[in-house]
Amino acid sequence: MLTFLTNRLQRRPASVGFCTLAVHEAYRRRARLLVEDVKEVPWVVLTDEPEEFEGLRVKAIRHMPVGPMAKDFVTRLGTMGNGRGRPAYHDKRFALKAALEEFETAIFVDADTRVSSLPRLPVFPAGIAVTKEVNASIAEHLSRYGSHRRPVFEKLAVELLGDVGMIESARWCSESLFAITKDGNEKKFFEVWERGAEFLSDEGFFTGEGGVIGLAALCVGWTVDYKTMGKLAGAMRHEGGGPKAG
């Protein structure tokens, strides 16, 4: 009987909060739609205009972006990417950190996502859970999308883990929908993510947060979980497509 009760307690869902990043008008508008889609859960939104989320079940936190955002690539930065792809939103880490101050699990959802009907939330494993959209190592992903980035990720693997071969082991984590659940290693995870983001920026690269997330997860000993997010991912439609002009 004691064992049964203990197992039930261990399986009890942890507190879960959703979060997103909504900087600039196009993404604030999309984020409001997203939050309205999923009214039954609490949200943390990092945004440059918190007042636009008044009246919604949202903790809106004023945030000025550290890295370039979509609008910057459309209106201001021009050819800054040198054809290296869409901008990376490493500022997502700040939304996750804010949500984890209040919840055991933080689920990040890209603002340009719509939700048809929220399924029952699963019990999330400690560490990181991602969708199956990209189930590949960093090396495998780069061989398919942006092989010119491999040298900088090899340098980053040496910087973070001391071994260039870690890009063969670390997973590329699809970053439009993923969850972080506390286990005591999340602080180090975010510290490594920050180091990786700064490293890529110094190298002039503004894509690749999925690879940095994967290296950070490996650094803290997290196994990337591809199973838990399945039903949630199936209920969501991500617009994607890079910077939005309006």
Side-chain angles (χ1 to χ4, degrees), residues 14-23 27 31 42-48 50 58-69 87-111 124-131 134 138 141 152-153 155-163 166-167 169-203 205-226 228-229:
S15 63
V16 178
F18 284 63
C19 62
T20 194
L21 184 64
V23 175
Y27 283 95
W43 283 88
V44 174
V45 177
L46 264 63
T47 177
D48 51 341
V58 167
K59 180 176 182 179
I61 300 172
R62 188 174 300 279
H63 176 74
M64 299 309 295
V66 174
M69 305 302 294
Y89 297 88
H90 290 284
D91 283 36
K92 291 174 181 180
R93 69 187 187 273
F94 299 116
L96 286 159
K97 288 172 69 175
L100 287 172
E101 290 180 3
E102 302 192 27
F103 307 102
E104 291 297 310
T105 295
I107 301 174
F108 183 89
V109 188
D110 264 358
F124 288 89
I128 185 167
V130 304
T131 66
V134 179
I138 291 174
H141 183 75
V152 74
F153 271 96
K155 290 171 64 176
L156 180 58
V158 173
E159 172 74 16
L160 298 180
L161 290 153
D163 184 353
M166 289 297 100
I167 66 168
S169 302
R171 311 303 292 175
W172 190 283
C173 297
S174 183
E175 67 282 349
S176 62
L177 171 65
F178 64 107
I180 301 294
T181 300
K182 293 178 182 177
D183 71 347
N185 290 305
E186 58 278 357
K187 183 174 184 292
K188 182 179 178 183
F189 170 79
F190 289 119
E191 288 172 351
V192 177
W193 186 351
E194 181 173 359
R195 285 175 60 195
E198 291 175 351
F199 183 93
L200 289 187
S201 178
D202 289 344
E203 293 286 328
F205 279 78
F206 301 94
T207 67
E209 72 266 43
V212 176
I213 293 168
L215 287 170
L218 186 61
C219 277
V220 301
W222 286 349
T223 298
V224 177
D225 177 272
Y226 290 100
T228 306
M229 299 294 288

Taking C-beta and beyond as the side chain, do Cys19 and Phe103 meet within less than 4.5 Å on heavy atoms? no

Audit row: Lys187, Glu191, salt bridge (Lys or Arg N to Asp or Glu O under 4.0 Å) steps and yes/no: CA-CA 6 Å; Lys187 183 174 184 292; Glu191 288 172 351; 2.6 Å; yes

Using only atom types and a distance under 3.5 Å, with no angle test, would you say the side chain of Glu198 pairs donor to acceptor with the backbone of Gly196? no

Looking at every non-hydrogen atom in both residues, tell me the closest pair between Leu96 and Trp193 and how far apart they are. CD1-CZ3, 3.9 Å

Heavy-atom donor-acceptor pair, Lys92 side chain to Glu175 backbone, under 3.5 Å: yes

On a heavy-atom basis, which atom in Cys219 and which in Leu160 lie closest, and how many Å separate them? SG-O, 3.9 Å

Do any N or O atoms from the side chain of Thr181 and from the backbone of Thr105 form a donor-acceptor pair under 3.5 angstrom? no

If every non-hydrogen atom of Val44 is compared with every non-hydrogen atom of Ala99, which pair is closest and at what distance? CG2-CA, 4.0 Å

Spatial distance of atom CD1 (Ile180) from atom CD (Glu104) [nearest 0.5 Å]: 13.5 Å

Can any side-chain N or O of Ser174 pair as donor or acceptor with the backbone N or O of Val134 at less than 3.5 Å? no

Decide yes or no for Phe18 and Pro42: does some side-chain heavy atom of the first lie under 4.5 Å from some side-chain heavy atom of the second? no

Roughly how far apart are Glu186 CD and Trp222 CH2, rounded to 0.5 Å? 6.0 Å

Enclosure of Lys182 NZ (heavy-atom neighbours >12, cutoff 6.0 Å): yes

Please work out which of the three classes, parallel, tilted or perpendicular, describes the rings of His63 and Phe94, given edges at 30° and 60°. tilted

With no hydrogens and no angle check, is any side-chain donor or acceptor of Asp91 less than 3.5 Å from a backbone partner on Val66? yes

Could you pull out the closest heavy-atom pair between Thr228 and Pro125, with the gap in Å? OG1-CD, 3.5 Å

With a 3.5 Å distance limit and no angle check, can you tell me whether Thr20 reaches the backbone of Ala111 through a side-chain donor-acceptor pair? yes

So how far is it from Asn185 CG to Phe190 CZ, rounded to the nearest 0.5 Å? 11.5 Å

Shortest non-hydrogen pair, Val23 vs Tyr27, comes out as O-CB, 3.7 Å

For side-chain contact (heavy atoms from CB on, under 4.5 Å), just list the numbers for Asp202 and Phe199, CA-CA rounded to whole Å, side-chain angles, deciding distance to a tenth of an Å, and then say yes or no. CA-CA 5 Å; Asp202 289 344; Phe199 183 93; 5.8 Å; no

Can you measure from CD (Glu194) to NE2 (His90) and round to the nearest 0.5 angstrom? 11.5 Å

To the nearest 0.5 angstrom, please state how far the CG atom of Asp110 sits from the CG atom of Leu177. 8.5 Å

Quick check: do Phe178 and Val224 have side-chain heavy atoms less than 4.5 Å from each other? no

What verdict does the side-chain contact (heavy atoms from CB on, under 4.5 Å) test give for Leu161 and Leu215, after you've listed the backbone C-alpha separation in whole Å, the side-chain angles of each residue and the deciding distance to 0.1 Å? CA-CA 8 Å; Leu161 290 153; Leu215 287 170; 3.8 Å; yes

Taken to the nearest 0.5 Å, the spacing of Thr47 OG1 from Arg62 CZ works out to 8.0 Å

Minimal non-hydrogen separation, Gly208 against Leu200, with atom names: O-CD1, 4.3 Å

Do any N or O atoms from the side chain of Arg195 and from the backbone of Glu159 form a donor-acceptor pair under 3.5 angstrom? yes

